[in-house]
Amino acid sequence: MPKYIIERSLPGAGSLTAAELQAIAQKSCTVLQRLGPRINWIESFVTADKIYCVYDSPDENLIRVHAKDGGFPVDSIAEVATVISPATAR
């Protein structure tokens with residue numbers, strides 16, 4: 001299944017409390033459950049003013065549906081072409 005990186009602008013994201021992050025995650029999971037097993041949230045990285053999310057999804061459109069239904073911003077969606085790591089250098 002294709003993997004995507006989603007960039008979301010959220011001013012002050014890095015200052016969100018654990019409870020606020022939990023509420024965001026719960027809302028995301030509720031929408032994902034409704035959308036079914038074809039879309040899967042892997043993890044997210046929170047920076048000062050953005051959240052970068054990693055999803056498995058059959059297409060970009062389903063990610064946009066998730067964002068719309070959850071009220072999440074979407075600045076960009078990029079399909080991952082390949083993954084490299086230090087192991088790639090060996």
Side-chain angles (χ1 to χ4, degrees):
M1 178 165 322
K3 185 178 298 296
Y4 294 88
I5 306 295
I6 301 96
E7 178 184 17
R8 306 180 192 280
S9 287
L10 187 60
S15 298
L16 292 170
T17 66
E20 290 169 322
L21 291 170
Q22 181 181 31
I24 291 168
Q26 287 173 340
K27 186 172 190 178
S28 178
C29 288
T30 297
V31 174
L32 288 168
Q33 287 174 350
R34 189 176 49 72
L35 291 176
R38 297 182 312 142
I39 183 171
N40 187 33
W41 174 28
I42 307 300
E43 62 187 343
S44 294
F45 302 91
V46 180
T47 66
D49 294 313
K50 292 189 184 254
I51 298 179
Y52 298 89
C53 303
V54 181
Y55 278 72
D56 288 333
S57 179
D59 57 50
E60 184 178 317
N61 183 60
L62 194 54
I63 293 169
R64 291 193 183 281
V65 169
H66 171 264
K68 181 178 178 264
D69 291 358
F72 305 120
V74 174
D75 297 334
S76 67
I77 299 173
E79 185 173 351
V80 175
T82 191
V83 177
I84 63 172
S85 71
T88 308
R90 295 185 202 124

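Considering every non-hydrogen atom in both Ser57 and Leu62, the closest pair reads OG-CB, 3.6 Å. Shortest non-hydrogen contact noted between Ile6 and Arg8 is CG2-CZ, 3.7 Å. Residue Asp56 comes nearest to Met1 through the heavy atom pair C-SD, 3.7 Å, listed as atom of the first residue, atom of the second, then distance. Across all non-hydrogen atoms, the minimal contact from Val74 to Ala67 is CG2-CB, 3.3 Å.
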Where do Leu10 and Lys50 land on the side chain to side chain contact (heavy atoms under 4.5 Å, CB included) test, with the steps shown first? CA-CA 5 Å; Leu10 187 60; Lys50 292 189 184 254; over 6 Å; no
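A single hydrophobic cluster is not seen to contain both Ile63 and Tyr52; linkage of ILVMFWY side chains at heavy-atom distances under 4.5 Å, directly or through other members, places them apart. Grouping the Ile, Leu, Val, Met, Phe, Trp and Tyr side chains by contacts below 4.5 angstrom, directly or via other members, places Tyr55 with Ile77. A continuous path of hydrophobic side-chain contacts links Leu21 to Phe72 [ILVMFWY only; heavy atoms under 4.5 Å]. Phe45 is connected to Val80 through a chain of hydrophobic side-chain contacts under 4.5 Å among Ile, Leu, Val, Met, Phe, Trp and Tyr, so both are in one cluster.
In this structure, the side chain of Ser28 does not engage the main chain of Ile24 through any donor-acceptor pair within 3.5 Å. Remark: side-chain polar atoms of Asn61 are not paired, donor with acceptor, to backbone N or O of Arg64 under 3.5 angstrom.
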Let me check something: any side-chain donor-acceptor pairs from residues 31-40 under 3.5 Å, sequence neighbours excluded? List them with distances.
unit_1 : atom_1 : unit_2 : atom_2 : d
Arg34  : NH2    : Asp69  : OD2    : 2.5

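Take Ser44 and apply the side chain to side chain contact (heavy atoms under 4.5 Å, CB included) test, not counting sequence neighbours, and it matches Trp41, Ile51, Cys53.
Here Ser15 contributes atom OG and Glu20 contributes atom CD; the two are 9.5 Å apart, rounded to the nearest 0.5 Å.
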